[in-house]
Amino acid sequence: MTYTTSGTIQSWAEEDRPREKLMLKGKAALSEAELIAILINSGTVDLTAVDVAKIILKSVGNNLNELARLSVKDLSKFRGIGEAKAISIVAALELGRRRKEQDRPQRARITCSRDAYNEMIPHLMDKPHEEFWLLLLNRANEVLRPVQISSGGVSGTVADAKIIFKQALDYLASAIILIHNHPSGNLMPSQADKELTRKLKEAGRVLEIPVLDHLIFTDKAYYSFADEGIL
């Protein structure tokens with residue numbers, strides 16, 4: 001590659017310019033760094049736009065999902081990235097997210113405990129051991145995703161509050177529903193179940209991620225803390 005110390009894309013050899021490369025070879029031929037370089041257009045005195053893009057990508061482990069979580073303020077901390085360039089990156093990634101969102105099938109909406117139970121049947125039916133799961137919900141109470149937190153033995157499993165709320169924060173959940181199964185078929189919550197629910201409800205209140213319900217799942221029926229008025 002030939003370029004001057006100005007770091008601008010216009011100073012590169014023609015075949016190395018990301019825009020020209022896209023026109024000549026198609027968008028699939030460009031690396032993530034080259035695509036981001038097109039967005040930011042120029043680098044610094046001693047770094048090309050691609051160099052700057054590579055530094056940004058390296059900071060998030062070359063993971064575009066992690067890059068999409070960076071704010072304009074986060075991106076503006078990188079050398080060569082001012083507010084306008086940061087906004088361009090954020091806007092492009094948001095368009096990608098919305099496209100992906102439109103490609104998804106319609107999300108299930110949770111309106112009652114039965115909806116939550118039905119959502120978990122494919123994940124917990126016929127399990128011979130206990131598992132602890134979350135349903136992560138958006139503001140419309142639509143399921144962002146079910147997440148398995150732990151898998152244990154016949155009579156218990158671990159539910160770590162830090163892991164639970166890290167998942168909720170990572171996926172920007174607005175609310176969560178707790179679910180764990182009882183392979184024995186016993187629907188009644190243990191004292192440990194009640195204490196865990198109380199602790200997680202309080203943590204959710206502090207983090208403004210409310211715990212809407214806690215279901216005890218069995219193959220034939222379920223127990224809802226919310227329905228029973230003990231949440």
Side-chain angles (χ1 to χ4, degrees), residues 1 3 5-13 15-107 134-140 142-149 160-176 204 207-209:
M1 182 184 293
Y3 56 87
T5 57
S6 68
T8 61
I9 287 177
Q10 286 77 14
S11 64
W12 301 1
E15 67 273 14
D16 290 330
R17 298 177 192 169
R19 287 191 181 87
E20 282 76 2
K21 185 175 179 180
L22 188 150
M23 294 298 293
L24 289 170
K25 300 181 180 180
K27 59 189 178 183
L30 275 68
S31 67
E32 283 85 0
E34 288 171 326
L35 290 168
I36 293 171
I38 289 175
L39 294 172
I40 64 180
N41 188 44
S42 62
T44 67
V45 172
D46 54 348
L47 295 172
T48 67
V50 172
D51 292 331
V52 173
K54 285 179 178 178
I55 291 169
I56 295 171
L57 285 169
K58 185 178 179 181
S59 75
V60 293
N62 294 304
N63 186 316
L64 292 178
N65 290 318
E66 292 299 320
L67 178 61
R69 293 194 176 105
L70 297 185
S71 65
V72 170
K73 185 176 179 181
D74 293 330
L75 288 165
S76 297
K77 294 176 182 177
F78 290 94
R79 261 184 78 207
I81 301 296
E83 185 178 82
K85 293 179 181 180
I87 289 171
S88 294
I89 295 171
V90 168
L93 290 166
E94 175 63 13
L95 281 172
R97 186 195 68 78
R98 293 186 187 187
R99 178 191 174 191
K100 187 177 180 181
E101 185 81 14
Q102 290 177 358
D103 289 341
R104 289 181 182 174
Q106 187 174 2
R107 287 171 168 161
L134 303 177
L135 286 178
L136 303 179
L137 309 179
N138 63 17
R139 289 187 180 277
E142 295 171 336
V143 178
L144 295 172
R145 66 178 59 214
V147 177
Q148 183 180 349
I149 296 299
D160 189 313
K162 293 186 292 295
I163 295 174
I164 287 169
F165 284 101
K166 181 181 185 302
Q167 291 287 339
L169 291 166
D170 283 350
Y171 291 102
L172 301 179
S174 295
I176 61 175
L207 293 171
E208 298 183 343
I209 304 174

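We number each residue from 1, following the sequence as shown.
By the salt bridge (charged side-chain N to carboxylate O under 4.0 Å, His left out) test, Glu94 is found to be paired with Arg97, Arg98, residues two or more places apart in sequence or in another chain being considered. Residues passing the salt bridge (charged side-chain N to carboxylate O under 4.0 Å, His left out) test with Lys58, sequence neighbours excluded: none. Under the side chain to side chain contact (heavy atoms under 4.5 Å, CB included) criterion, Leu207 pairs with Phe165, Ile209, not counting sequence neighbours.
By the 4.5 Å heavy-atom criterion applied to side chains, Asp160 and Ile149 are not counted as neighbours. Annotation: side chain of Leu137 is not in contact with side chain of Ile176 (no heavy-atom distance under 4.5 Å). Contact of the Leu172 side chain with the Leu144 side chain is not registered, since no non-hydrogen atoms from C-beta on lie closer than 4.5 Å. Contact of the Ile55 side chain with the Val52 side chain is not registered, since no non-hydrogen atoms from C-beta on lie closer than 4.5 Å. Val60 places none of its side-chain heavy atoms less than 4.5 Å from the side chain of Asn65. You'll find the side chain of Thr48 stays beyond 4.5 Å of the side chain of Lys54, heavy atoms only. In this structure, the side chains of Leu93 and Ile89 come closer than 4.5 Å at one or more pairs of heavy atoms. With contacts defined as side-chain heavy-atom distances shorter than 4.5 Å, the pair Glu32/Leu57 qualifies.
Closest heavy-atom contact between Ser71 and Val90: C-CG2, 4.2 Å. For the residue pair Ile38 and Pro18, the shortest heavy atom distance occurs at CG1-CB, 3.4 Å. Heavy atoms only, all atoms of each residue included: Ser76 and Val72 are closest at OG-O, 2.8 Å. Taking every heavy atom of both residues into account, Ala49 and Ile40 meet most closely at O-CD1, 3.5 Å. Leu135 and Pro146 make their closest contact through CD2-CB, 3.8 Å (heavy atoms, listed as atom of the first residue, atom of the second, distance). Taking every heavy atom of both residues into account, Ala173 and Leu136 meet most closely at CB-CB, 4.0 Å.
Side-chain atoms of Lys85 and Ser42 include a donor-acceptor pair closer than 3.5 Å. With 3.5 Å as the limit, one finds no donor-acceptor pair spanning the side chains of Arg69 and Asn63.
Rounded to the nearest 0.5 angstrom, Leu75 CG and Ser88 OG are separated by 10.5 Å. Rounded to the nearest 0.5 angstrom, Glu20 CD and Lys25 NZ are separated by 12.0 Å. Atom CD1 in Ile87 sits 12.0 Å away from atom CD1 in Ile81 (nearest 0.5 Å).
With salt bridges taken as basic N to acidic carboxylate O contacts below 4.0 Å, none links Asp51 and Arg79.
Counting non-hydrogen atoms of other residues, nucleotides and ligands closer than 6.0 Å to CD of Glu66 gives a total above 12.
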